[in-house]
Amino acid sequence: MACLPTTSPALASRRWLGLGLFVLLCLSLGYAQNNVVKIVKSKAGDKVGLPCCHEIPTSESLQRHRVYWQKNTTVVVLAYVEGKKMPQDKQYENRTEINTRNLTLWMSPVEILDNGSYQCVVQRLSSSPNGDSVVLCNEPVILLVTADFSEPNVSAEVSADSCELTEMVVRCSSHGGYPKPQISGALNNEPVAWNVSWVSESSLSPYNVTGKFKLNVTKDTNFTCTVKYNGFTKSSSLLLTKPEGCAVPTVPPSYNVITATSIIIIIFLLAITLAARYLPRHGLRIQWKRVQKSVRSHLRALK
Ligand SMILES: *[C@@H]1O[C@H](CO)[C@@H](O)[C@H](O)[C@H]1NC(C)=O
Ligand SMILES: *[C@@H]1O[C@H](CO)[C@@H](O)[C@H](O)[C@H]1NC(C)=O
Ligand SMILES: *[C@@H]1O[C@H](CO)[C@@H](O)[C@H](O)[C@H]1NC(C)=O
Ligand SMILES: *[C@@H]1O[C@H](CO)[C@@H](O)[C@H](O)[C@H]1NC(C)=O
Ligand SMILES: *[C@@H]1O[C@H](CO)[C@@H](O)[C@H](O)[C@H]1NC(C)=O
Ligand SMILES: *[C@@H]1O[C@H](CO)[C@@H](O)[C@H](O)[C@H]1NC(C)=O
Ligand SMILES: *[C@@H]1O[C@H](CO)[C@@H](O)[C@H](O)[C@H]1NC(C)=O
Ligand SMILES: *[C@@H]1O[C@H](CO)[C@@H](O)[C@H](O)[C@H]1NC(C)=O
Ligand SMILES: *[C@@H]1O[C@H](CO)[C@@H](O)[C@H](O)[C@H]1NC(C)=O
């Protein structure tokens with residue numbers, strides 16, 4: 001691989017950077033290619049340490065070195081030249097520090113925007129004024145930032161119900177995580193094909209994710225929804241049950257029916273009261289005696 005301009009960092013334009021760095025970066029490309037790139041994972045909000053490729057021996061000091069922590073070869077994260085801290089990108093102000101021995105870059109709190117590839121470049125200054133400084137190492141470290149998704153929320157809604165079948169809309173959603181997740185659904189451990197939608201304000205913002213599908217439930221079925229992001233997994237399950245059998249639906253009396261019934265009963269009672277008051281009294285009494293008599297004869301007949 002040739003020495004591509006991608007290794008020409010924006011910080012090369014900074015006056016405090018030695019002109020030689022560009023060349024030295026090129027010379028040191030070999031280091032990066034021969035090593036497995038280190039990957040560090042961190043959660044947004046946590047503190048993370050990115051290891052550097054060089055440790056300054058106790059016999060030496062930071063004053064004799066140049067240390068550059070940069071991101072994506074373009075942004076100065078933290079840099080020390082001859083022991084003095086150099087101007088850094090605003091994004092990293094007040095949340096970064098360096099271990100002056102092993103040159104680990106500490107970052108706290110980590111933000112989603114910090115995701116990406118970093119390089120630690122270490123030079124030792126020559127002891128003689130005209131001597132060349134030597135690049136001790138230049139290695140990338142990849143920082144993968146994740147943010148936790150909420151526990152998946154699984155819900156099921158009956159969309160059509162009859163004796164033969166129950167159709168349900170099953171939905172699973174999870175929010176506030178990073179990076180863009182995968183979401184999968186399984187019915188009794190069989191994967192389902194479903195519609196997935198993601199929402200995020202930008203590619204570097206938290207994601208909300210939703211999966212949705214319809215099915216006909218014929219028997220109790222265990223549904224599991226799984227959200228995966230950067231090697232992390234969150235699952236929730238819901239038992240989908242078919243509503244009970246095919247009994248004639250017992251519709252509870254509605255308020256209208258109750259009201260109508262009450263009104264009829266009240267009118268009936270009112271009518272009886274009015275009748276009792278206004279019909280001729282003795283006529284009623286005769287009627288009443290007749291009823292008593294017939295009841296008595298019936299009772300006798302029963303004995
Ligand atoms: C550097 O030193 C710190 C303690 O100051 C330690 O936590 C860290 O693991 C060290 N890193 C490496 C790469 O040795
Ligand atoms: C990092 O650099 C690559 C090319 O070197 C570029 O495509 C990408 O947009 C850069 N990313 C950021 C966040 O600057
Ligand atoms: C960092 O802290 C200094 C001093 O407290 C403050 O003046 C500066 O605005 C801070 N920078 C950022 C980016 O917060
Ligand atoms: C985070 O950074 C790594 C390394 O540069 C990159 O591969 C990955 O795509 C980034 N993630 C996102 C979601 O941008
Ligand atoms: C789960 O989702 C349902 C329907 O989508 C919603 O009504 C409910 O509030 C959600 N529950 C939580 C804890 O988010
Ligand atoms: C996905 O949504 C489209 C349109 O909204 C619909 O036609 C299709 O049937 C859905 N697929 C599944 C598996 O639900
Ligand atoms: C994601 O979901 C949360 C909680 O439901 C909500 O507050 C937020 O606005 C959603 N984000 C987007 C980008 O829709
Ligand atoms: C459920 O069954 C009905 C009737 O057989 C059919 O019309 C419908 O498409 C089915 N729904 C699903 C999600 O399979
Ligand atoms: C559903 O399946 C999941 C995963 O296979 C399991 O953890 C859970 O206990 C099951 N739930 C029920 C109610 O069977």
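First listed ligand is number 1; within each ligand, the first listed atom is number 1. What you see is a predicted model, and the numbers here were worked out from it, not measured in a lab. All residue numbers in this chain count up from 1 along the given sequence.
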Backbone or side chain, does any N or O of N153 fall under 3.5 Å from an N or O of ligand 5?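 Checking ligand 5 against N153, an N or O pair does fall under 3.5 Å apart.
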Using a strict cut-off of less than 4.0 Å between a Lys/Arg side-chain nitrogen and an Asp/Glu carboxylate oxygen, indicate whether R66 and E82 qualify as a salt bridge.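 No, R66 and E82 are not salt-bridged.
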I'd like to know if the side chain of S174 and the backbone of V209 have a donor-acceptor N/O pair within less than 3.5 Å. no
In the complex you have, is atom 11 (N) of ligand 5 within reach of the protein, judged by whether a heavy-atom distance drops under 4.0 Å?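 Yes; the ligand atom in question has protein heavy-atom contact below 4.0 Å.
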Counting only heavy atoms on the protein side, is anything nearer than 4.0 Å to atom 7 (O) of ligand 5?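 No, because not a single protein heavy atom sits under 4.0 Å from atom 7 (O) of ligand 5.
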Atom 3 (C) of ligand 7: closest protein heavy atom, distance to 0.1 Å, is N208 ND2, 3.6 Å
Considering only protein heavy atoms, which is closest to atom 13 (C) of ligand 7, and at what distance to one decimal place?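 Of the protein heavy atoms, V199 CG1, 3.8 Å lies nearest.
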Exercise: do K43 and T146 side chains pair donor with acceptor under 3.5 Å: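 Short answer, no.
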For Y229 and D148, test the side chains for any donor-to-acceptor distance below 3.5 angstrom and give the result as yes or no.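 There is such a pair between these side chains.
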Go through ligand 7 atom by atom and flag the ones less than 4.0 Å from a non-hydrogen atom of H175.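 So the atoms of ligand 7 that pass are 2 (O), 4 (C).
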With ring centroids as reference points, do Y118 and Y68 lie under 6.0 angstrom apart?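 Y118 vs Y68: aromatic centres not under 6.0 Å.
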Enumerate the atoms of ligand 5 whose separation from the nearest heavy atom of S155 is less than 4.0 angstrom.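 This gives 4 (C), 5 (O) as the contact atoms.
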Regarding K212 and the six-membered ring of W194, is the cationic atom NZ or CZ under 6.0 Å from the ring centre and inside 45° of its axis? no
State the atoms of ligand 9, each with its element, that fall below the 4.0 Å cut-off from a heavy-atom position in [X].
{"X": "T224", "value": "2 (O), 3 (C), 4 (C)"}
{"X": "N189", "value": "5 (O)"}
{"X": "N222", "value": "1 (C), 2 (O), 3 (C), 8 (C), 10 (C), 11 (N), 12 (C), 14 (O)"}

Does the pair C172/C225 show an SG-SG distance of less than 2.5 angstrom? yes
W69-L125 co-clustered via ILVMFWY side chain contacts under 4.5 Å: no
Would you check whether S200 has a nitrogen or oxygen atom less than 3.5 angstrom from a nitrogen or oxygen atom of ligand 7?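 Among all N and O atoms of S200, none is under 3.5 Å from an N or O of ligand 7.
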